[in-house]
**Q** 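Questions regarding the structure given below will be posed in turn.
Below, chains carry the letters A, B, ... as their sequence lines are ordered, and counting in each starts from 1. In this text the structure is predicted, and so the values were computed from the model without any measurement.
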Amino acid sequence: MVERVLRAVEQVPPGRVVSYGDVAALVGTGPRQVGTVMRLYGSGVAWWRVVSSHGDLGADLLDRARPHWAEEGILVRRNGLGCRIADHRADLAALHTAYTAAVADLG
DNA sequence: AAGCTGACTCGCT
DNA sequence: GAGCGAGCCAGCT
């Protein structure tokens, strides 16, 4: 499960984001499980590309994500509480293809 | 093994 | 847009 989630997140290209629900649907689990994996093992991947379905994050994470977003050209919402997920959401079909290949490589 | 927790989401008000 | 309740299920105690 952990491996699956991490692989999925690794397929999100720079400058793009996905929601926890997107990753959950991709790997076949629930949104909260994605959150759990990210909390415990997310430090090794581009965790700032995974946001809530509204594009926001908790206050702590937000501060740490902002520099990355700025670097990748991900725009922040007017209220400053998250990114514009509607403008930056990764292509889910392409993501599925890349993910499938990545987990096949898993063994 | 049983219970609790939580980087979430959806529907309703 | 904000607040509330229910559903979700892997991981930790």
Side-chain angles (χ1 to χ4, degrees):
Chain A
M1 193 77 253
V2 172
E3 285 290 330
R4 301 269 150 64
V5 171
L6 295 180
R7 293 292 179 128
V9 175
E10 286 173 358
Q11 310 313 314
V12 182
R16 307 269 89 187
V17 300
V18 290
S19 73
Y20 292 93
D22 292 336
V23 176
L26 198 59
V27 310
T29 186
R32 309 196 59 152
Q33 285 51 254
V34 175
T36 299
V37 171
M38 293 305 279
R39 175 168 61 86
L40 297 173
Y41 310 100
S43 52
V45 298
W47 57 265
W48 58 91
R49 296 181 196 144
V50 185
V51 299
S52 81
S53 63
H54 296 297
D56 45 38
L57 290 174
D60 296 344
L61 294 169
L62 189 57
D63 287 341
R64 287 181 252 177
R66 266 200 272 259
H68 291 291
W69 289 349
E71 186 177 25
E72 299 187 1
I74 296 172
L75 301 176
V76 173
R77 296 206 303 175
R78 295 300 193 54
N79 60 19
L81 299 179
C83 70
R84 299 192 190 176
I85 186 171
D87 294 338
H88 299 288
R89 200 170 205 152
D91 182 83
L92 300 181
L95 206 58
H96 176 75
T97 303
Y99 166 75
T100 302
V103 293
D105 179 55
L106 207 54

**Q** Let me know the distance between OH of A/Y20 and C1' of B/dC8, rounded to the nearest Å.
**A** 8 Å
**Q** Which nucleotide sits closest to the side chain of A/T36: B/dC10, B/dA7, C/dG11?
**A** C/dG11
**Q** Nearest whole angstrom, please: distance from the C1' of C/dG11 to the OH of A/Y41.
**A** 8 Å
**Q** Distance check needed: C/dC9 C1' versus A/R4 CZ, whole Å only.
**A** 16 Å
**Q** Between A/M1 and A/P31, which residue's closest nucleotide on DNA chain C lies nearer the 5′ terminus?
**A** A/P31
**Q** Could you give the CG-to-C1' distance, from A/L81 to B/dA7, as a whole number of Å?
**A** 16 Å
**Q** With no hydrogens and no angle check, is any side-chain donor or acceptor of A/R66 less than 3.5 Å from a backbone partner on A/G80?
**A** yes
**Q** Any heavy-atom pair between the side chains of A/V5 and A/V23 that's under 4.5 Å?
**A** yes
**Q** Roughly, in whole Å, what's the span from CG in A/D56 to C1' in B/dC8?
**A** 11 Å
**Q** Measure CG/A/L26 against C1'/B/dT9 and give the value in whole Å, please.
**A** 17 Å
**Q** Assign A/V50 to base, sugar-phosphate, or nothing according to its heavy-atom contacts below 4.0 angstrom with the strands shown.
**A** nothing
**Q** Specify the separation, in whole Å, of atom CG of A/D22 and atom P of C/dC8.
**A** 19 Å
**Q** Given C/dG11, C/dC9, B/dA7, which nucleotide is nearest the side-chain atoms of A/T29?
**A** C/dC9
**Q** Which nucleotide in the list B/dG6, B/dT9, C/dC12 gets nearest to the side chain of A/Q33?
**A** B/dG6
**Q** Check whether the side chain of A/R32 and the base of C/dG7 form a donor-acceptor pair under 3.5 Å.
**A** yes
**Q** Among the candidates B/dA7, C/dG11, B/dT9, find the nucleotide nearest to the side-chain atoms of A/S52.
**A** B/dT9
**Q** Side-chain contact, heavy-atom cut-off 4.5 Å: A/W47 with A/V9?
**A** no
**Q** Could you tell me whether A/G21 contacts a base, only the sugar-phosphate backbone, or nothing, with contacts defined as non-hydrogen atoms closer than 4.0 Å?
**A** sugar-phosphate
**Q** Whole Å only: how far is the CG atom of A/N79 from the P atom of C/dG1?
**A** 8 Å
**Q** I'd like to know if the side chain of A/R4 and the backbone of A/V27 have a donor-acceptor N/O pair within less than 3.5 Å.
**A** no
**Q** Between A/D91 and A/R16, does any NZ, NE, NH1 or NH2 come within less than 4.0 Å of an OD or OE carboxylate oxygen?
**A** no
